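What follows is a short report on a single structure.
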Amino acid sequence: AAWLGQTLAPVAVVTATLRLPFDVDPVSPGAAAHARWLAHHARHDPSVLGDSSAAALKRELLEQILAARKAGRSPAPAFAQMHDLLASVRAAHADRLADFDSAADAMRRRLADAAVINDRTWPFPLYDPGALMALRDAIRAKFRAP
């Protein structure tokens with residue numbers, strides 16, 4: 001009104017969220033990132049694969065590496081031993097690692113679907129009339145006088 005020098009008609013904008021009923025649940029970016037992290041982490045932490053003895057041996061080797069550095073010795077032998085251990089764990093659990101990779105890839109692919117599933121801008125004719133009526137009734141209920 002100050003800009004035009006005249007009184008303007010009152011205006012209100014209202015939005016509501018109604019999504020199309022897809023038969024899949026959307027994946028969050030955090031869930032997809034966690035699946036990718038887990039697939040990577042499993043290659044370096046035998047405990048993720050349920051191999052507690054290999055996980056304990058890796059911890060011992062890490063302690064040896066730290067102790068060698070503190071003592072001014074080369075940590076290379078323990079480091080090489082740790083990598084040999086991890087290589088054998090990866091070979092022994094190759095199927096499980098492949099499952100982690102497959103899960104991470106599936107989550108990444110489903111992440112693209114999340115944008116479609118969560119879209120609030122589908123044209124109203126695509127919605128079931130009953131869903132539109134339920135939304136209308138919910139909005140009316142919110143604006144009823146107490």
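Because the structure is predicted, anything quoted here is derived from the model rather than measured.
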Is there a path of hydrophobic side-chain contacts, each under 4.5 Å between heavy atoms of I, L, V, M, F, W or Y residues, that connects [X] with [Y]?
X	Y	result
M133	Y127	no
M107	L38	no
W122	L135	yes
L111	V24	no

Set of side chain to side chain donor-acceptor pair (under 3.5 Å) partners for T17, sequence neighbours left out:
R120

Working to the nearest 0.5 angstrom, can you tell me the gap between [X] [atom1] and [Y] [atom2]?
X	Y	atom1	atom2	result
D137	K142	CG	NZ	13.5 Å
R19	T121	CZ	OG1	11.0 Å
L49	L97	CG	CG	5.0 Å
K58	S53	NZ	OG	14.0 Å
L18	F124	CG	CZ	12.5 Å
L85	L57	CG	CG	5.0 Å

Neighbour count >12 (heavy atoms, 6.0 Å) for atom CG, D95:
no

What do you reckon, is CZ of F79 surrounded by more than 12 foreign heavy atoms closer than 6.0 Å?
no

Among Ile, Leu, Val, Met, Phe, Trp and Tyr joined by side-chain contacts under 4.5 Å, find the other residues sharing a cluster with L8 and list them by chain and number.
W3, L4

Between the side chain of R43 and the main-chain N/O of A39, is any donor-acceptor distance below 3.5 Å?
yes

Checking the side chain of R108 only, and the main-chain atoms of A35 only, is there a donor and an acceptor separated by less than 3.5 Å?
no

Indicate yes or no: at least one non-hydrogen side-chain atom of V116 is less than 4.5 angstrom from one of P26.
no

Applying ring pair (Phe, Tyr, Trp, His ring centres under 6.0 Å), which residue pairs with at least one partner in residues 30-50 are found, sequence neighbours left out?
H34-W37, W37-H41, H40-H44

Salt bridge (charged side-chain N to carboxylate O under 4.0 Å, His left out) filter on D51, not counting sequence neighbours, yields none

Over all atoms of both residues, closest heavy-atom pair of D25 and I117:
C-CD1, 4.4 Å

Minimum heavy-atom separation for G50 to R96, with atom names?
N-NH1, 4.4 Å

Taking NZ, NE, NH1 and NH2 as the nitrogens, is one of them in D105 or R110 under 4.0 Å from a carboxylate oxygen of the other?
no

Return all side-chain donor-acceptor pairs below 3.5 angstrom for residues 60-69, not counting sequence neighbours, or 'none' if the list is empty.
none

Show the numbers, then the answer: is there a side chain to side chain contact (heavy atoms under 4.5 Å, CB included) between D113 and F22?
CA-CA 10 Å; D113 297 340; F22 291 100; over 6 Å; no

Residues in side-chain contact (heavy atoms from CB on, under 4.5 Å) with A33, at least two apart?
none

